[in-house]
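These notes are about the structure you will find just below.
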Amino acid sequence: MVTMSDVARLAGVSKMTVSNVVNNRPGVSDPVRKRVLEAVQQSGYRLNVNARTLKAGRTGVIGLAVPGVDQPYFGVLGENVIQAASAKGFHVAVEQTFAAEEGEANAIAQSHRLQFDGLIISAVILDPRTQAHAWTDFPIVLLGERDFGQSIDHVGMDNEAGSRAATRHLIERGCRRIANVTGWSLEGVHVGSRRYHGYTEALKEAGIPVDPALVCLSGMGLETGRRAVHDLHEAGVEFDGVVAVTDTVAQGVLRGLADLGLRCPEDVRVIGFDDITVAEFMTPSLSTVNPGHRWMADKAVELIAARLEDPSRPPEVHTAPFELKIRESTR
């Protein structure tokens, strides 16, 4: 087995210099660093990561648990978390919870078993205020739209303000019969209910009555967005704008409009929420709310690192800034 001392002899430097190079520490000149790296490659030396992390009491891995890896929003989130984690020297292990209590509980337990340094979880069911035993002595950052109080580190997006801004944008474009194609329910605190509240607030501010006939409880998928448009048409409900709960739903709405021969934005303007990658490439390109993907990822990883350094510090709650992305679907 090739040792660090072997590499030092081959490169003609001290063992400490080799250690500084392989651990990417400063203070080594470029020619010496190059010579050491060539010796590492020539000798086949492999850094003993297990021994190093055991000595530090860390594994260098954090978990990311999301409801579904097939959902475009969580793909964007995952990419940003991986980039943010890499900048701080972490690797990321991704887990799928299926938005189920068992899946979320298993993600936490698995993170403990595998000795992850921390876990970032988009929790749909679990609540640290009622299940405190599951969250102790382990760095966890919650993502999501529920109100977790001040019980744990939490990074969320400004759903109500973002949806309010999106609805205002349609009103400013001249829309007066604005449909809200949202999730399964308006009860409780979740992404659908919060974005619905933002929609109704914007209408009330503009003096436009909230018409229940324009509120479509459809779900969160492509087909549900398409079906909502057909349902509105079949019910004889006139509409000139649509605020969709997510970009995926908005994509289904665009398909539904095309099915019925309605043009966007000429006949109906459409705006989504999430600014997933494909939004810019839809036909027409989709106006949407960017909820601050990179900001949330950076903050979540920052909170994990801070908790590792000081486990006793008080929990922090942060809300990401959002930005309207105006594209062809509302122009």
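Note: hydrogens, waters and symmetry copies are ignored here, and every other heavy atom, side chains too, is used.
Under a cut-off of 6.0 angstrom, the local environment of CG in Asp70 is crowded, with over 12 non-hydrogen atoms contributed by other residues, nucleotides or ligands. Heavy-atom neighbours of Gln115 CD from other residues, nucleotides or ligands within 6.0 Å: at or below the threshold of 12.
Put simply, the side chain of Arg269 never gets that close to the backbone of Val242: no donor and acceptor are under 3.5 Å apart. Using a distance-only test at 3.5 Å, with no hydrogens or angles considered, a donor-acceptor pair links the side chain of Asn106 to the main chain of Glu102. Judged by distance alone, the side chain of Asp6 and the main-chain N or O of Thr3 form a donor-acceptor pair under 3.5 Å. In terms of modelled atom types and a separation under 3.5 Å, the side chain of Thr246 and the main chain of Val249 share a donor-acceptor contact. Between the Arg307 side chain and the Pro311 main chain, a donor and an acceptor come within less than 3.5 Å of each other. Using a distance-only test at 3.5 Å, with no hydrogens or angles considered, a donor-acceptor pair links the side chain of Gln96 to the main chain of Val69. Looking at Ser163, its side chain does come within 3.5 Å of a backbone N or O of Arg195 through a donor-acceptor pair. Side chain of Ser329 to main chain of Pro284: no donor-acceptor pair is present (N/O by atom type, distance under 3.5 Å, no hydrogens or angles). In this structure, the side chain of Ser43 engages the main chain of Ala39 through a donor-acceptor pair within 3.5 Å. Panel note: side chain Glu104, backbone Val124; a donor-acceptor pair is recorded below 3.5 Å.
A heavy-atom distance below 4.5 Å is found between the side chains of Ile120 and Ile62. At least one side-chain heavy atom of Gln42 sits under 4.5 Å from a side-chain heavy atom of Leu10. Residues Asp298 and Arg294 meet the side-chain proximity criterion, which asks for heavy atoms closer than 4.5 Å. When side chains are defined from C-beta on, Ile121 does not count as touching Val141, because their heavy atoms never get closer than 4.5 Å. The shortest distance between side-chain heavy atoms of Phe90 and Asp117 falls below 4.5 Å. Put simply, the side chain of His318 does not reach to within 4.5 Å of the side chain of His154, judged on heavy atoms. When side chains are defined from C-beta on, Asn80 does not count as touching Ile82, because their heavy atoms never get closer than 4.5 Å. Inter-residue side-chain proximity for Phe273 and Val245 is flagged as unmet; no heavy-atom pair is nearer than 4.5 Å.
In summary, the side chains of His190 and Arg194 do not present any donor paired with an acceptor at a separation below 3.5 Å, with no hydrogens or angles considered. Thr330 and His169 form a side-chain donor-acceptor contact under 3.5 Å, judged by distance and modelled atom types alone. Inspection of the Arg226 and Gln251 side chains reveals no N or O donor paired with an N or O acceptor under 3.5 Å. Between the side chains of His293 and Asp275, not a single donor N or O lies within less than 3.5 Å of an accepting N or O. Asn20 and Thr17 form no side-chain donor-acceptor contact under 3.5 Å, judged by distance and modelled atom types alone. Remark: the Thr288 side chain and the Asn290 side chain contain no N/O donor-acceptor pair separated by less than 3.5 Å.
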Q: Apply side chain to side chain contact (heavy atoms under 4.5 Å, CB included) to Asp267 and Leu257, showing your working.
A: CA-CA 9 Å; Asp267 301 319; Leu257 294 175; over 6 Å; no

Q. Given the rule in the side chain to side chain contact (heavy atoms under 4.5 Å, CB included) test, do Val66 and Thr97 qualify, once you have shown the distances and angles that lead to the verdict?
A. CA-CA 6 Å; Val66 299; Thr97 66; over 6 Å; no

Q: Determine, step by step, whether Leu143 and Met157 satisfy the side chain to side chain contact (heavy atoms under 4.5 Å, CB included) criterion, reporting the C-alpha distance in whole Å, the side-chain angles of both residues, the deciding distance to 0.1 Å, and the verdict.
A: CA-CA 9 Å; Leu143 305 177; Met157 61 181 72; over 6 Å; no

Q | Residues Trp184, Leu217; criterion side chain to side chain contact (heavy atoms under 4.5 Å, CB included); working and verdict | A | CA-CA 5 Å; Trp184 298 276; Leu217 293 175; over 6 Å; no

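Looking at every heavy atom in both residues, Met282 comes nearest to Asp247 through CE-O, 3.9 Å. A pairwise comparison of heavy atoms in Asp153 and Pro315 identifies OD1-CA, 3.4 Å as the closest pair. Closest approach of Val237 and Ala213 over heavy atoms only: CG1-O, 4.0 Å. When all heavy atoms of Gly192 and Thr182 are compared, the pair lying nearest together is O-OG1, 3.4 Å. Here the closest non-hydrogen pair linking Glu95 and Gln110 is OE1-CG, 4.1 Å. The shortest non-hydrogen separation linking Cys264 to Leu254 is SG-CD2, 3.8 Å.
Rounded to the nearest 0.5 Å, atoms CD (Glu234) and NE2 (His230) are 7.5 Å apart. In this structure, CG on Asp211 lies 12.0 Å from CG on Asn180, to the nearest 0.5 angstrom. One distance of note links CD1 of Ile178 with CZ of Phe239; it measures 12.5 Å at 0.5 Å rounding. How far OG of Ser122 is from CG of Leu142: 9.0 Å, rounded to the nearest 0.5 Å. Here Thr319 contributes atom OG1 and Glu160 contributes atom CD; the two are 11.0 Å apart, rounded to the nearest 0.5 Å. In this structure, CG on Leu286 lies 8.0 Å from CD1 on Ile276, to the nearest 0.5 angstrom.
Each of Leu222 and Tyr73 belongs to its own hydrophobic cluster when Ile, Leu, Val, Met, Phe, Trp and Tyr are linked at side-chain heavy-atom distances under 4.5 angstrom. Phe98 and Leu77 are not part of a single hydrophobic cluster, where members link through side-chain heavy atoms under 4.5 Å apart. Residues Met16 and Val13 do not share a hydrophobic cluster, clusters being chains of Ile/Leu/Val/Met/Phe/Trp/Tyr side chains in contact below 4.5 Å.
Checked options Val243, Val268, Val270; the residue passing with Val253 is Val270 (criterion: side-chain contact (heavy atoms from CB on, under 4.5 Å)).
Taking 4.0 Å as the cut-off between side-chain N and carboxylate O, Asp231 and Arg227 count as a salt-bridged pair. With salt bridges taken as basic N to acidic carboxylate O contacts below 4.0 Å, one links Arg313 and Glu316. Checked for salt-bridge contact, Glu302 and Lys299 meet the test: a charged N lies under 4.0 Å from a carboxylate O. Salt bridge Arg176/Asp240: absent, no basic N to carboxylate O contact under 4.0 Å. Under a 4.0 Å N-O distance rule, the pair Glu201/Arg164 qualifies as a salt bridge. Ion pair Glu323/Lys325 flagged as a salt bridge, since at least one NZ, NE, NH1 or NH2 atom sits closer than 4.0 Å to an Asp/Glu carboxylate oxygen. Under the 4.0 Å criterion applied to side-chain N and carboxylate O atoms, Arg168 and Glu205 are assigned as salt-bridge partners.
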